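Since the model is a prediction, treat every value here as computed from it, not as a measurement. Chain identifiers are assigned alphabetically (A, B, ...) following the order of the sequence lines, protein sequences preceding nucleic acid strands; residue numbering begins at 1 within each chain.
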There are 2 protein chains.
Amino acid sequence: MNFLNIEFFGYFAAILTTAAFLPQLIKTLKTKQAQDVSLTTLIMFICGVGSWIIYGYKISSSPILIANIITFILNLFILISKLYYSKNND
Amino acid sequence: MNFLNIEFFGYFAAILTTAAFLPQLIKTLKTKQAQDVSLTTLIMFICGVGSWIIYGYKISSSPILIANIITFILNLFILISKLYYSKNND
């Protein structure tokens, strides 16, 4: 397998694991509830993605940096939506 | 910042973004429902993590390989639990 094919898996993986959170955000905004989504998971994941951003910046890796900034923003919106709707549903 | 500190952020990030899915799995098994968890997100994320496993294997990166295998297993269990409980709740 040549370099191009290996890189393809890397970019394909990065796009999928980043874009994956868009349907969750859309679902949460549509249904106006995210009770079943774990708050601990969201907080741990956002902190982890934040660390990936620092790591990507330190090793000067644009793919790690870009993918994680988008993942960070999407999950932050999911977290805000969850907190907003759980407050309004109480 | 020296190499050790940079690597620390990488490992810290990998541990957090991997372990983050454990609380979601525990919550789903406890509440026996995951209606609010997006099915599309789970499928896209599992496919993406699968691609990271192939990428990690191809570039011989143990941290990428190990972290993504654990993430893959945890999310597969979340997906199975979601499908199982949604069937039983119908």
Are there residues of residues 19-28 of chain B whose heavy atoms fall under 4.5 Å of chain A's heavy atoms? If so, which? B:A19, B:A20, B:F21, B:P23, B:Q24, B:K27
If the contact rule is any heavy atom under 4.5 Å from chain A, which residues of residues 69-81 of chain B qualify, in numerical order? none
So if you build clusters from Ile, Leu, Val, Met, Phe, Trp, Tyr with side-chain heavy-atom gaps below 4.5 Å, do A:L65 and A:Y11 land together? no
Is it true that B:W52 and B:I59 fall in one hydrophobic cluster, defined by side-chain heavy atoms closer than 4.5 Å? yes
Roughly how far, to the nearest 0.5 Å, is the [atom2] atom of [Y] from the [atom1] atom of [X]?
| X | Y | atom1 | atom2 | value |
| --- | --- | --- | --- | --- |
| B:F9 | A:Y57 | CZ | OH | 12.5 Å |
| A:F45 | B:T18 | CZ | OG1 | 9.0 Å |
| A:Q35 | B:Q35 | CD | CD | 9.5 Å |

Applying side chain to side chain contact (heavy atoms under 4.5 Å, CB included) to B:F12 and not counting sequence neighbours gives A:S51, B:F8, B:L16
Are there residues of residues 36-44 of chain A that reach to under 4.5 Å of chain B by heavy atoms, and which ones? A:D36, A:V37, A:S38, A:T40, A:T41, A:M44
Select, from A:G48, A:G10, A:A13, the one with the greatest count of heavy-atom pairs under 4.5 Å involving chain B. A:A13
On a heavy-atom basis, which atom in B:T17 and which in A:V49 lie closest, and how many Å separate them? CG2-N, 3.6 Å
